[in-house]
Amino acid sequence: MPAPDTALTGDALLVAVNDAMVALHERYHHRAPITAKTLLLGGDLLACVMGGVYTDVEKTMIEIQRTTIVQETRSAFQTAMQHKFIAIVELLSGRDVLAFISNQHVGPDMEIELFLLQPEPV
């Protein structure tokens, strides 16, 4: 992803982060989420919520009551990949990410990526 000339803000940032999170999901899970929405809450909390994220293999595991394995595998993957997620958000926003939290849910099928950004200088 080419670096923007200046840090993005407002809707441009939200669209760019949303597109980046969808692209990462598609690259590593080999399918795009069905829905995705990114919001900036309180000026410092960037939240990307994606729906319809599970692969057919994961859905099968969930159907046979192996939800814990799916969630543990997803969590381990997010931990291993967090540097890529953080780097993209820092590049697009021009702000440091102080914390990254990722979690997924079954029923409804969704995943959330939270980025706590360094507060902007006053």
Side-chain angles (χ1 to χ4, degrees):
M1 167 177 293
D5 292 335
T6 60
L8 300 175
T9 59
D11 288 343
L13 175 62
L14 299 179
V15 168
V17 169
N18 201 74
D19 290 349
M21 294 300 110
V22 168
L24 282 169
H25 191 278
E26 188 168 18
R27 177 175 178 193
Y28 292 105
H29 296 286
H30 302 287
R31 62 181 294 283
I34 293 171
T35 63
K37 184 173 185 174
T38 300
L39 304 164
L40 185 61
L41 307 167
D44 298 331
L45 182 63
L46 194 59
C48 181
V49 180
M50 296 179 284
V53 295
Y54 293 119
T55 65
D56 289 341
V57 170
E58 290 170 323
K59 289 177 192 175
T60 300
M61 295 297 289
I62 292 165
E63 288 171 10
I64 63 169
Q65 308 300 311
R66 299 300 189 131
T67 301
T68 302
I69 292 171
V70 172
Q71 290 175 318
E72 288 173 352
T73 302
R74 282 254 172 175
S75 291
F77 176 77
Q78 289 303 101
T79 298
M81 296 296 294
Q82 70 181 345
H83 66 283
K84 289 185 185 258
F85 287 73
I86 290 169
I88 287 174
V89 169
E90 288 181 339
L91 175 73
L92 294 172
S93 69
R95 296 167 68 185
D96 289 338
V97 172
L98 300 176
F100 170 68
I101 301 165
S102 177
N103 210 336
Q104 63 285 318
H105 189 268
V106 174
D109 168 357
M110 60 191 305
E111 185 166 293
I112 186 164
E113 313 298 351
L114 298 172
F115 301 87
L116 180 60
L117 304 177
Q118 177 77 37
E120 291 186 287
V122 182

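A quick note: this is a predicted structure, and the numbers were derived from the prediction, not measured.
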Distance-only criterion, 3.5 Å: show the donor-acceptor pairs between side-chain atoms of residues 30-46 and protein atoms not counting sequence neighbours.
unit_1, atom_1, unit_2, atom_2, d
R31, NH1, G52, O, 2.8
R31, NH1, V53, O, 3.2
R31, NH1, Y54, O, 3.2
R31, NH2, G52, O, 3.1
T35, OG1, G51, N, 3.2
T38, OG1, N18, OD1, 2.8
D44, OD1, R95, NH2, 2.6

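- Within the structure, every pair that satisfies the side-chain hydrogen bond (donor to acceptor under 3.5 Å, both in side chains) test and touches residues 80-94, not counting sequence neighbours, is listed here: Y28-K84.
- For the side-chain hydrogen bond (donor to acceptor under 3.5 Å, both in side chains) condition, the pairs that include at least one residue of residues 112-122, sequence neighbours left out, are Q78-E113, S102-E113.
- Smallest separation of non-hydrogen atoms from L98 and L117: CD1-O, 4.0 Å.
- Side-chain heavy atoms closer than 4.5 Å link hydrophobic residues (I, L, V, M, F, W, Y) into clusters, and following such links, even through other members, never connects L24 to M110.
- Considering CD of Q104 and CD1 of I112, their distance stands at 11.5 Å, rounded to 0.5 Å.
- The side chain to side chain contact (heavy atoms under 4.5 Å, CB included) test with V15 singles out one residue from V17, L13, D19, and that residue is D19.
- Connection of I88 to L14 is established within a shared hydrophobic cluster, with ILVMFWY side chains joined at heavy-atom distances below 4.5 Å, either directly or through further cluster members.
- Side chains of T60 and R66 form no contact here, defined as non-hydrogen atoms less than 4.5 Å apart.
- How far OG1 of T68 is from CD1 of I62: 10.5 Å, rounded to the nearest 0.5 Å.
- Between H105 and Q71 the shortest heavy-atom distance is CA-NE2, 4.5 Å.
- Note that CD of E58 and CZ of R74 are 4.0 Å apart. Values are rounded to the nearest 0.5 Å.
- Note on M81 and L116: separate hydrophobic clusters, where clusters join Ile, Leu, Val, Met, Phe, Trp and Tyr whose side-chain heavy atoms are under 4.5 Å apart, directly or indirectly.
- Relative ring orientation between F77 and H29 is described as perpendicular, the plane-to-plane angle rising above 60° on a 0-90° scale split at 30° and 60°.
- Under the 4.5 Å side-chain heavy-atom criterion for Ile, Leu, Val, Met, Phe, Trp and Tyr, V97 and V49 are members of distinct hydrophobic clusters.
- Between V70 and M61, the closest heavy-atom pair is CG2-CB, 3.5 Å.
- Side chains of V89 and I86 form no contact here, defined as non-hydrogen atoms less than 4.5 Å apart.
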